[in-house]
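For reference, positions follow the sequence shown, starting with 1. Atoms within each ligand, like the ligands themselves, are counted from 1 in listed order.
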Amino acid sequence: MDALFCGKNLSLKYQLGDVQVDALKDLHFSIEAGKFTCLAGASGSGKSTLLNLLGLVEPMQSGQLIYRGRSIADLSESEMNHIRRFEIGFVFQSFYLIDVLTAEENVEYFLARQGRSVDLRRQQARAALDWVGLAEHRSKRPNQMSGGQRQRVAIARALAKEPKVVLADEPTANLDSKTGADVLALLLRLCRERGCSVVMASHDSQAIGLADCVIRLRDGQTVKES
Ligand code: ADP
Ligand code: MG
């Protein structure tokens, strides 16, 4: 059985003052390991909420989420922390790099949470920046880099820890179409060359076209899986 994630009757509500928002309603889905999966859907359809559940950032409310054969509800806090630190990498629309750190330091900083030595961190950060094609830019700060370069630093940061899965939340939404296509190609390479599963939220038709599997969301529900 190759499922990386499996969702059964997953629902999640947000309370906004007196109003309840049903962000996810009774979702059923399966995401295969080693594949490039796209969560597609209009703004407000629940893509980020689902990614945050998959990334163990958003607490479960109801239903079941299974990660690599184990129900999330059965994991201890320390098992969840281990998965967050070692197995899951995140990439966001607005990069979230630290302005005062260089590209290399941005990547290294996140590796510190894994308790690796300074030398090993540096080595892994350099290898990750090389892999995304930024070897010559590693001493630059984010404000000295283009949007596409910044997103590549963010991808290097996510992959440096050699995660099992990278969760990307509209990683091309702030980029022009050419730069966005380059970032998509890089995420696809991450999946094909390094065997890393990629789950990407996007309503970009290019991303949907490239994906091995598309999960379509509308108003917090699955429309169809292909
Ligand atoms: P998408 O990423 O597809 O745009 P989201 O998962 O962000 O969708 O949002 C799904 C629904 O949940 C939307 O109606 C949104 O307004 C609502 N929502 C998202 N985050 C919050 C929050 N923190 N508090 C209240 N409502 C939220
Ligand atoms: Mg979103």
Side-chain angles (χ1 to χ4, degrees), residues 4-31 35-67 72-73 80 83-84 88-97 147-148 150-155 157-158 163 165-177 179-181 183-184 186-188 190-191 197-226:
L4 176 71
F5 290 106
C6 193
K8 292 178 185 163
N9 301 102
L10 261 194
S11 298
L12 191 137
K13 297 178 199 298
Y14 290 109
Q15 192 72 39
L16 258 184
D18 295 340
V19 184
Q20 235 181 29
V21 181
D22 288 304
L24 298 177
K25 287 181 269 191
D26 223 14
L27 281 194
H28 288 266
F29 61 87
S30 172
I31 295 175
K35 295 280 165 75
F36 190 106
T37 302
C38 185
L39 304 180
S43 181
S45 59
K47 303 182 296 298
S48 295
T49 304
L50 180 53
L51 276 185
N52 289 339
L53 274 177
L54 300 181
L56 312 185
V57 177
E58 182 72 47
M60 292 271 297
Q61 290 179 0
S62 71
Q64 202 184 15
L65 179 63
I66 296 161
Y67 170 67
I72 294 299
M80 301 237 282
I83 294 169
R84 289 184 192 109
I88 298 177
F90 259 105
V91 177
F92 302 94
Q93 175 175 342
S94 38
F95 324 133
Y96 292 127
L97 300 175
R150 286 184 223 187
Q151 193 57 298
R152 283 193 278 154
V153 176
I155 292 171
R157 177 181 63 192
V165 54
V166 164
L167 303 173
D169 198 354
E170 308 212 34
T172 61
N174 279 358
L175 305 174
D176 64 73
S177 58
T179 311
V183 163
L184 266 181
L186 191 60
L187 289 169
L188 191 64
L190 178 63
C191 182
S197 308
V198 176
V199 184
M200 165 170 172
S202 182
H203 40 238
D204 174 349
S205 58
Q206 279 191 91
I208 295 167
L210 278 177
D212 298 315
C213 176
V214 179
I215 297 174
R216 283 178 203 278
L217 297 178
R218 186 190 295 143
D219 300 331
Q221 293 180 300
T222 344
V223 179
K224 80 173 187 219
E225 272 184 67
S226 58

pair L4-Y67: side-chain heavy atoms closer than 4.5 Å | yes
Gap between atom CG of L50 and atom CD1 of I215 - 0.5 Å precision | 7.0 Å
So, do E170 and D204 sit near enough that their side-chain heavy atoms are less than 4.5 Å apart?
-> no
Indicate yes or no: at least one non-hydrogen side-chain atom of M200 is less than 4.5 angstrom from one of L184.
-> yes
Would you kindly specify which portion of L16 sits under 4.0 Å from ligand 1, judged on non-hydrogen atoms: side chain, backbone, both or neither?
-> side chain
N/O/S atom of S48 under 2.8 Å from the Mg ion (ligand 2), yes or no?
-> yes
Contact between S45 and ligand 1, counting heavy atoms under 4.0 Å?
-> yes
Does K13 offer a backbone N or O that forms a donor-acceptor pair with the side chain of Q20 under 3.5 Å?
-> no
What about V21: any of its N or O atoms under 3.5 Å from an N or O on ligand 1?
-> no
Atom 27 (C) of ligand 1 has as its nearest protein heavy atom Y14 CD1, 3.2 Å
Who gets closest to atom 1 (P) of ligand 1 by heavy atom: G44, S202, A40, G41?
-> G44
Quick one: which ligand 1 atoms are inside 4.0 Å of a heavy atom on S43?
-> 4 (O)
Nearest 0.5 Å, what's the CG-CG distance between D169 and L39?
-> 8.5 Å
Could you tell me the separation between the CG atom of D212 and the CG atom of L188, rounded to the nearest 0.5 Å?
-> 7.5 Å
Give the residue, atom name and distance (to 0.1 Å) of the protein heavy atom nearest atom 6 (O) of ligand 1.
-> T49 OG1, 2.5 Å
N/O to N/O below 3.5 Å, does that happen between A23 and ligand 1?
-> no
Might you confirm whether atom CG of N9 has over 12 heavy atoms from other residues, nucleotides or ligands at distances under 6.0 Å?
-> yes
Does A42 come within less than 4.0 Å of ligand 1, judged by its heavy atoms?
-> yes
Any N/O pair E170/ligand 1 closer than 3.5 Å | no
